[in-house]
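Residue indices begin at 1 and follow the sequence shown.
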Amino acid sequence: MDTGESIIVSENGCNRDQVMTNDLMDLSSVRVLLCDTDVESCQEVLALLKKCCYQVTPVYSAADALDALNSHGHCIDIILTEASLLISNGAKIFNFIKPDINLKQIPVIMMLDEDEIRLVLKGLMLGATDYLVKPLSSNELMKLWTHMKRKGSSQSVYY
């Protein structure tokens, strides 16, 4: 069994990551909801996500994120969001996700400008899956899909 990693580059220049046990994930089929109130930061992360071949829907407010979840939640695989947006306003995003059986399966990854323990703990206690510290790299984002896989496998244990 090969447990090494290799990078595959497609014709259109996107990198595709092949991870352990010959498990190949087509990143172009992974849909990410990107939530960031800072337009410049959002554009930087959007460019990195597209370089990794993810399908990305960027939004710039909690209200826009809720609208996207309401209309396209069944099509979203991962939520990548600025931590302050996620936690602010009474954690509206989590309150929207938790009661919905399909939406609560979506991994929520927080982005922070610095490794601030208070925000990390609050986000994780509310239901976030993990966090990343900016500036983000393509290598970090290339691995986002693993959260989707982990969340799916951990959920199936309970059924």
Side-chain angles (χ1 to χ4, degrees), residues 3-20 23-69 72-73 75-89 91-94 96-97 103-154:
T3 58
E5 292 184 9
S6 61
I7 300 288
I8 299 171
V9 180
S10 69
E11 318 77 55
N12 65 359
C14 292
N15 295 327
R16 296 218 174 114
D17 196 24
Q18 182 174 356
V19 184
M20 296 193 263
D23 190 10
L24 180 63
M25 181 67 174
D26 180 6
L27 298 184
S28 66
S29 68
V30 178
R31 297 150 310 202
V32 177
L33 177 62
L34 173 61
C35 313
D36 196 335
T37 56
D38 180 332
V39 175
E40 185 177 319
S41 172
C42 189
Q43 292 303 314
E44 289 172 9
V45 176
L46 176 64
L48 288 171
L49 288 166
K50 287 190 174 213
K51 181 179 178 184
C52 295
C53 295
Y54 292 110
Q55 293 179 37
V56 187
T57 301
V59 295
Y60 304 99
S61 70
D64 291 342
L66 294 176
D67 287 345
L69 287 167
H72 304 293
C75 295
I76 296 170
D77 297 310
I78 298 169
I79 300 170
L80 181 61
T81 181
E82 172 186 28
S84 60
L85 178 80
L86 187 64
I87 295 169
S88 66
N89 300 321
K92 286 182 183 178
I93 294 173
F94 281 124
F96 186 80
I97 292 172
L103 295 180
K104 71 181 181 181
Q105 306 294 327
I106 302 171
V108 178
I109 314 299
M110 299 179 292
M111 297 181 291
L112 295 105
D113 289 324
E114 54 188 56
D115 198 355
E116 188 177 331
I117 293 295
R118 182 186 60 79
L119 277 176
V120 170
L121 291 176
K122 188 169 184 178
L124 293 173
M125 287 175 26
L126 286 169
T129 306
D130 201 354
Y131 72 99
L132 299 171
V133 178
K134 293 179 184 178
L136 303 178
S137 72
S138 292
N139 288 337
E140 286 177 308
L141 295 174
M142 189 78 73
K143 305 285 187 203
L144 270 184
W145 70 271
T146 61
H147 291 286
M148 185 177 76
K149 185 170 179 153
R150 281 187 211 135
K151 186 111 178 180
S153 64
S154 70

Query - Short N-O contact, Lys143 and Asp130, less than 4.0 angstrom - result: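 Here Lys143 does not pair with Asp130 in a salt bridge, since their nearest N and O are not under 4.0 Å apart.
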Between [atom1] of [X] and [atom2] of [Y], what distance do you get to the nearest 0.5 Å?
| X | Y | atom1 | atom2 | answer |
| --- | --- | --- | --- | --- |
| Asp113 | Asp38 | CG | CG | 8.0 Å |
| Gln105 | Ile76 | CD | CD1 | 14.0 Å |
| Ser41 | Leu136 | OG | CG | 7.5 Å |

Listed by chain and number, what are the side-chain hydrogen bond (donor to acceptor under 3.5 Å, both in side chains) partners of [X], not counting sequence neighbours?
| X | value |
| --- | --- |
| Lys122 | none |
| Asp64 | Ser61 |
| Glu116 | Arg118 |

[X] versus [Y], closest heavy-atom pair with distance:
| X | Y | result |
| --- | --- | --- |
| Pro107 | Asp77 | CD-O, 3.1 Å |
| Trp145 | Tyr54 | N-OH, 3.3 Å |
| Ser138 | Cys52 | O-SG, 3.6 Å |
| Leu85 | Thr81 | CD2-OG1, 3.6 Å |

Check whether any side-chain heavy atom of [X] sits under 4.5 Å from a side-chain heavy atom of [Y], and report yes or no.
| X | Y | answer |
| --- | --- | --- |
| Ile97 | Ile106 | no |
| Leu69 | Ile93 | yes |
| Thr57 | His72 | no |
| Val45 | Leu34 | yes |
| Asp67 | Val59 | no |
| Leu27 | Met142 | yes |
| Lys134 | Asp36 | yes |
| Leu126 | Val108 | no |

Report task. Before giving the answer on side-chain contact (heavy atoms from CB on, under 4.5 Å), spell out for Leu48 and Glu140 the whole-Å C-alpha distance, their side-chain angles and the decisive distance to 0.1 Å. Result -> CA-CA 10 Å; Leu48 288 171; Glu140 286 177 308; over 6 Å; no
**Report entry** Test applied, side chain to side chain contact (heavy atoms under 4.5 Å, CB included); reference residue, Leu80; option that passes from Leu33, Leu46, Leu132, Val56
**Finding:**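 With Leu80 as partner, side chain to side chain contact (heavy atoms under 4.5 Å, CB included) holds for just one option, Leu132.
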Look at the side chain of [X] and the backbone N and O of [Y], then say whether any donor-acceptor pair between them is shorter than 3.5 Å.
| X | Y | result |
| --- | --- | --- |
| Gln55 | Ser28 | yes |
| Thr37 | Tyr60 | no |
| Tyr131 | Leu119 | no |

